[in-house]
Amino acid sequence: MALLAAWLLASSLRFMLVKVGEPMSAACVFQGEEDTRNLYKEGDVVIGGLFPVHYSPRSFKPSYQKKPEPTEYNFSARALRWTQTMAFAIEEINQRRDLLPRLKLGYHIRDSCDDIPVSLRSSLLLVSGPPDLNANSACRGVPRPVSPVIIGDAASGVSMAILRTLGSFGIPLVSYFASCNCLSNKKEFPTFMRTMPSDAFQIKAIAKLIRYFHWTWVGVIGVESDYARFAIQLFLEESSKYGACAAYVHFYPVLLSKESIADLMQTIRGSTAKVILNFSGESELQTILTECRRQNMTHIQWIASEAWATAKSLWGEFQGLLTGTLGFAIRKAEIPGLQGFLTRGLLVRAHQSPFFAELWEETFNCKLNVSLNRHVHSDAALSRRPCAEEEEAPEAVRSDYSDVSQLRVSYNVYKAVYLVAQALHDMSGCTRGAGPFENGTCADPENVLPWQLLHYMKQASFNMLGEQVSFDKNGDPIASYDLMNWQKGPDGSLQLVKVGFYDTSLGGEKELVINDTAIWWHWGQQGPPASVCSASCTPGSRKATRKGEPICCFDCLPCTEGEISNETDSLDCRRCSVETWPNEAQDHCVPKTTEFLSYHGSMGIVLCTCSLFGLFVTMAIFGVFVAYRTTPVVRGNNMELSFLLLIFLSVCFLSGLTFIGEPTDWLCRIRYTTFGISFSLCISCILAKTVVVLMAFRATLPDSRVMRWFGPAQQRASVFLCTCIQIVICLIWLTTRPPLAVRNTRHHSSRIILECVVGSDVGFWSVLGYIGLLACLCFLLAFLARKLPDNFNEAKFITFSMLIFFAVWITFIPVYISTSGQYMVAVHIFAILASAFGILLCIFAPKCYIVLLKPEKNTKKQMIGQRSPRKRCDAACRRKPSASPSCWPSPLATRL
């Protein structure tokens, strides 16, 4: 193919001088046959045009030993409409008085056949003029004016080949359908402009479309061409920004062999992708769709590039496969008067132009008499019947040529013609001495040079059918696309329904607008098909990429404790704040539940009840002692200290209530202070009672005056003094580092524990230590006095009460340290209640038993004891009165 292109290029660039009995310069002979299939109209400026009226050439390998056989092509009525749109625009401009009033435009339109060799030959004929085949002519020039600008071609690859040939001569090329982003490279293609948006914008639109429908696993195929390669490369880069991946990328040749089509089908079947994006023209896609239908591959959701997004020719044969197809098409417009121009005098033109002769024959599948159509067709086309005179006019038949419902590429052609006209108009208005060229010179519109025209074309800006047409520094227009959906009409015809649009002028997320409800999905589905490698990770989990696989293939891992993800397909989980905690679904943070020992909780109710019960029992005993204050049991056990002890025990029971409820700074300070002082008072009273017992028996010894120094006033003073030491400790604690209410988030990650911290550990343990010191002294003295003679020795019960007190608080220390939250507070309250109940029951229960249940023992005689035991020791007592404590007179007798 490359060799053929070189041969055709050489034959177009030069005329050979052939010697015929004269010098070689006597005659000019054109190398090769002239292609007379073109459309020409004279004018002051003739605009060249290249259109793929024929396409899909059959591949062959030249032998270079004989003349190549004519190539077989398919006919495109759609492309013929494009040529007539150019002719219509030029005639419309020539009739206007406000645009180029003193200049007449002409056109020279040739067929590019969507083939690079043919396109190069045609483009060179446009810019150099066709040969004069008159035998008497010399090589002085050409019979037709050359074109300073070419409108064409449709294909990006063909356009690049033309630019590489004509670019050195500064001849502008304005494409109406070439969209490859590579053509925006002004260093390589400085003379290129287009009315078709660059693929860069189309690719951004397709990538956003795929993201909109959450398709992350897409098959990408394309024809082996510069257009498809650049477009797919851009798509892979753009789609990766939105987390989408290509399940496969497959390029296939323009002419698909059995091996290449089988390879493509195997690739599609071997993938789980249900969405396929295809970059090619309609001719290449026909072969692929034929094989898909043969293999019953009907599950595919097709995404069309703009090259075939509105190609109605595919619908008749493949509507079952293409229903629901989505694709971006260039902006549509209605061109007033075009349809009448297209269908006017078709039969006359069919007898004057090979293009229209072929259109007539293709439309009615017949053969005109004396037909100008010399184009090579298949064997079936050569055996057509003759056309009858009563054949209908093509305007009455549905045809791509006469269909003006989807004027998209035609509108681009229309704009391209007006771009050249506007540039010539601006050139005509140049003022001598103020021109844009050297020394302020102006260009001559009637003898325009290509590079001068290009200058004005780059500066052109005009309004076209309500649209402002302008170009950026790369010669690209503002991008605007319609999102088209292929739907089946009531009569089975293709309905191209606009279901959205993409407009780069809107910017950001507003660029793409889609009407979901208007979309007709493949096979009547209610929503878009799922095309993913891995299902989306729901909120509460994160994506973990699989090693060695694309980023779209991943596993979903739940967020760890304390973390959430509130987005679908989140890459990371984020940790909740200190004050919050994940909900059960781990998709958002909720405030942590606050925990403290409440009056409303079961544990708080039980402890509160026990505290109040202890207070009630204490007050009941206090009432009993008041009622029986004159009896020997009450009087004989230091009644004043007993009353004080009962009052202080009531305070101890009440202090337990300060540990229940929501902690505050002041409540924390009150609870620990109340606890420390109340127990100091209790233990101080018990200590005073114990000392009284010891001193009382000591005072009964002969010549002893101990009780004189430990009377009631001294007893009260001792209680006050012992308590003052605790008060001093508490004051120092409160003024240095007092207890505080804090929100503890360390021990339980899902809860906030409202608790009191002691502030100063030294202060807290000093309070407990001092209470323990008093209890130790009390226990030691009570233990020493346990065997003193008396029928009702109180020291024994004090010993038992202190044993219980020690057991409770020794057990309390490790349990208190190892617990947290409301359980730690409950342990503290339990210790308070247990030790208070131990003191209350051990010291006062026996007395209440005597007073209430055994009144016969509540006598002075019973308290002093029977005479008989003392008779047995009278002799010993007379011999040595201090020999035995049992010989001592009872101290109770003194009090009673």
Side-chain angles (χ1 to χ4, degrees), residues 203 206-207 209-211 213-225 227-240 242-305 307-308 314 317-318 320-327 521-523 525 527-537 543-556 569:
I203 296 306
I206 293 176
L209 173 71
I210 287 173
R211 181 189 65 169
F213 290 115
H214 307 290
W215 293 327
T216 59
W217 197 236
V218 181
V220 184
I221 61 176
V223 67
E224 287 182 346
S225 65
Y227 159 71
R229 290 190 180 278
F230 277 101
I232 290 176
Q233 180 182 356
L234 283 173
F235 173 76
L236 296 179
E237 295 173 359
E238 193 68 25
S239 61
S240 64
Y242 302 119
C245 303
Y248 51 85
V249 175
H250 190 97
F251 292 96
Y252 50 85
V254 175
L255 298 173
L256 283 158
S257 62
K258 290 184 178 180
E259 293 77 13
S260 58
I261 192 67
D263 187 29
L264 175 59
M265 292 298 106
Q266 184 179 0
T267 301
I268 295 175
R269 278 195 174 278
S271 174
T272 57
K274 294 182 174 61
V275 176
I276 296 181
L277 172 61
N278 177 55
F279 291 95
S280 74
E282 53 195 277
S283 58
E284 296 88 2
L285 188 59
Q286 281 183 330
T287 307
I288 298 173
L289 293 176
T290 301
E291 188 64 20
C292 286
R293 183 179 57 190
R294 191 186 70 81
Q295 297 191 21
N296 197 28
M297 297 173 62
T298 59
H299 65 284
I300 299 172
Q301 171 66 49
W302 290 96
I303 303 297
S305 63
W308 64 278
L314 297 171
E317 189 178 358
F318 306 109
L321 298 175
L322 296 178
T323 301
T325 296
L326 289 171
W521 294 104
H522 189 58
W523 289 101
Q525 298 177 17
S531 185
V532 295
C533 180
S534 300
S536 295
C537 293
K543 295 199 302 186
T545 305
R546 299 171 185 168
K547 187 176 181 180
E549 297 187 31
I551 60 172
C552 300
C553 301
F554 50 81
D555 296 316
C556 296
D569 289 337

Nearest 0.5 Å, please: how far is [atom2] in [Y] from [atom1] in [X]?
| X | Y | atom1 | atom2 | answer |
| --- | --- | --- | --- | --- |
| Leu277 | Ile203 | CG | CD1 | 6.5 Å |
| Asp555 | Cys537 | CG | SG | 8.0 Å |
| Leu285 | Ile221 | CG | CD1 | 7.0 Å |
| Glu291 | Ile268 | CD | CD1 | 10.0 Å |
| Ser536 | Phe554 | OG | CZ | 5.5 Å |
| Ser531 | Gln301 | OG | CD | 9.5 Å |

Residue pair [X] / [Y]: nearest heavy atoms and the distance that separates them:
| X | Y | answer |
| --- | --- | --- |
| Trp217 | Ala273 | O-CB, 3.4 Å |
| Leu321 | Met297 | CD2-O, 3.8 Å |
| Val532 | Thr216 | CG1-OG1, 3.3 Å |
| Ala307 | Tyr227 | CB-OH, 3.8 Å |
| Leu264 | His250 | CD1-CD2, 3.5 Å |
| Ala244 | Cys552 | C-SG, 3.4 Å |

For a side-chain contact (heavy atoms from CB on, under 4.5 Å) check, start with the C-alpha distance between Trp521 and Leu326, then their side-chain angles and the critical distance, and finish with the verdict. CA-CA 9 Å; Trp521 294 104; Leu326 289 171; 3.9 Å; yes
Could you go through the ring-ring contact (aromatic ring centres under 6.0 Å, His included) check for Phe318 and Trp302 one step at a time? CA-CA 12 Å; Phe318 306 109; Trp302 290 96; over 10 Å; no
Is the backbone N or O of [Y] less than 3.5 Å from a side-chain atom of [X], with the two atoms forming a donor-acceptor pair by type?
| X | Y | value |
| --- | --- | --- |
| Trp308 | Asn278 | yes |
| Ser260 | Leu256 | no |
| Thr267 | Asp263 | yes |
| Thr323 | Gly320 | no |

Before giving the answer on side-chain contact (heavy atoms from CB on, under 4.5 Å), spell out for Ile210 and Val275 the whole-Å C-alpha distance, their side-chain angles and the decisive distance to 0.1 Å. CA-CA 9 Å; Ile210 287 173; Val275 176; 5.6 Å; no
Are [X] and [Y] side-chain neighbours, meaning at least one heavy-atom pair lies under 4.5 Å?
| X | Y | value |
| --- | --- | --- |
| Glu224 | Val254 | no |
| Ser239 | Arg211 | no |
| Phe279 | Ile232 | yes |
| Arg546 | Ser534 | yes |

Check this for me: Gln266, atom CD, are more than 12 non-hydrogen atoms of other residues, nucleotides or ligands nearer than 6.0 Å?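 No - once you tally the heavy atoms of other residues, nucleotides and ligands closer than 6.0 Å, there are 12 at most.
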Has Lys543 got more than 12 heavy atoms of other residues, nucleotides or ligands less than 6.0 Å from its NZ? yes
Would the SG atoms of Cys553 and Cys245 measure under 2.5 Å apart?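 In this structure, Cys553 and Cys245 share no disulfide.
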In terms of side-chain heavy atoms, does Tyr252 have a donor or acceptor partner in Thr287 at a distance below 3.5 Å? no
Take Thr325 and His522, measure what side-chain contact (heavy atoms from CB on, under 4.5 Å) needs, and give me the verdict at the end. CA-CA 7 Å; Thr325 296; His522 189 58; over 6 Å; no
